[in-house]
Amino acid sequence: MNGISNSHELFGELIHSYSRAQAIKEGVLIDVSEMARQAGFSVPVAITATAWDDCVGWAKETAERKKGVCQDEQGRLWDVVYMASLYARMAGNEARTMIELCRVPVHGTSVMPARVRLAMVIGPGDNGEPVITIMMPDED
């Protein structure tokens, strides 16, 4: 195979790596493993900050702007992880699965639920263990 025996020979010295733990510490990922376990997940689960902001986050200002909508972050997070658990059971061994759910959009004044698609990816964690990340479809 062209005499290349490892990735170091092919790509050179590693300049920088970014761990999942660093992403969680910096808020790029939010660890939702505790609630995900309640929904049936047996591996760590995190959601990207972008997906959190779109599907989970529900600030006091949002509640005031959307009067009459009974929402909170814990309920919205449950909706995401529960729907993810249903899609995970259907996906089998797929590494990347699209999930759909309805949520009241955070932005604007609409109080009607709208469908949103998220991607759920299973891959190796910092130590090679299986982990799941829930993200917007255009994130990776």
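Of the possible donor and acceptor atoms, one in the side chain of Asp126 sits under 3.5 Å from a partner among the backbone N and O of Ala21. The main-chain N or O of Ser19 is found under 3.5 Å from a side-chain atom of Gln22 such that the two form a donor-acceptor pair.
Not counting sequence neighbours, the partners of Asp31 by the side chain to side chain donor-acceptor pair (under 3.5 Å) test are Ser33. With sequence neighbours excluded, no residue forms a side-chain contact (heavy atoms from CB on, under 4.5 Å) with Asp79. When the side-chain contact (heavy atoms from CB on, under 4.5 Å) test is applied to Ala49, the partners found at least two apart in sequence or on another chain are Ile30. Not counting sequence neighbours, Trp52 has no partner by the ring pair (Phe, Tyr, Trp, His ring centres under 6.0 Å) test.
In terms of hydrophobic clustering, with Ile, Leu, Val, Met, Phe, Trp and Tyr side chains grouped at heavy-atom distances under 4.5 Å, Leu86 and Val116 are assigned to a common cluster.
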side-chain contact (heavy atoms from CB on, under 4.5 Å) assessment of Val106 paired with Asp53: CA-CA 8 Å; Val106 172; Asp53 290 344; over 6 Å; no

Asp54/Arg103 under side-chain contact (heavy atoms from CB on, under 4.5 Å): CA gap, chis, key distance, verdict: CA-CA 9 Å; Asp54 187 79; Arg103 52 67 177 121; 2.8 Å; yes

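Applying the 4.5 Å side-chain rule to ILVMFWY residues, one finds Met135 in the same cluster as Val121.
In this structure, Ser85 OG and Met35 CE are separated by 12.0 Å, a value rounded to the nearest 0.5 Å. One finds the CD1 atom of Ile47 at 9.0 Å from the CE atom of Met136 (value rounded to the nearest 0.5 Å). Rounding to the nearest 0.5 Å gives a distance of 4.5 Å between CD1 of Ile132 and CD1 of Ile122. A distance of 4.5 Å separates SG in Cys55 from CG in Leu118, rounded to the nearest 0.5 Å.
For residues 108-117, the side chain to side chain donor-acceptor pair (under 3.5 Å) pairs, not counting sequence neighbours, are Glu100-Arg115. Residue pairs that meet the salt bridge (Lys or Arg N to Asp or Glu O under 4.0 Å) test with at least one member in residues 83-92, sequence neighbours left out, do not exist here. Residue pairs that meet the side chain to side chain donor-acceptor pair (under 3.5 Å) test with at least one member in residues 57-74, sequence neighbours left out, are Gln71-Arg76. Applying the side chain to side chain donor-acceptor pair (under 3.5 Å) definition to pairs two or more places apart or across chains, those involving residues 129-140 are Arg20-Thr133, Thr48-Glu139, Thr50-Glu139. Among pairs with a residue in residues 61-91, those fulfilling ring pair (Phe, Tyr, Trp, His ring centres under 6.0 Å) read Trp78-Tyr82, at least two apart in sequence or across chains.
Under a cut-off of 6.0 angstrom, the local environment of CE in Met90 is crowded, with over 12 non-hydrogen atoms contributed by other residues, nucleotides or ligands.
Within the 4.5 Å cutoff, the side chain of Val32 has heavy atoms near those of the Val81 side chain.
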Please tabulate, for side-chain N and O atoms in residues 36-44, each donor-acceptor pair with protein atoms closer than 3.5 Å (sequence neighbours left out).
none

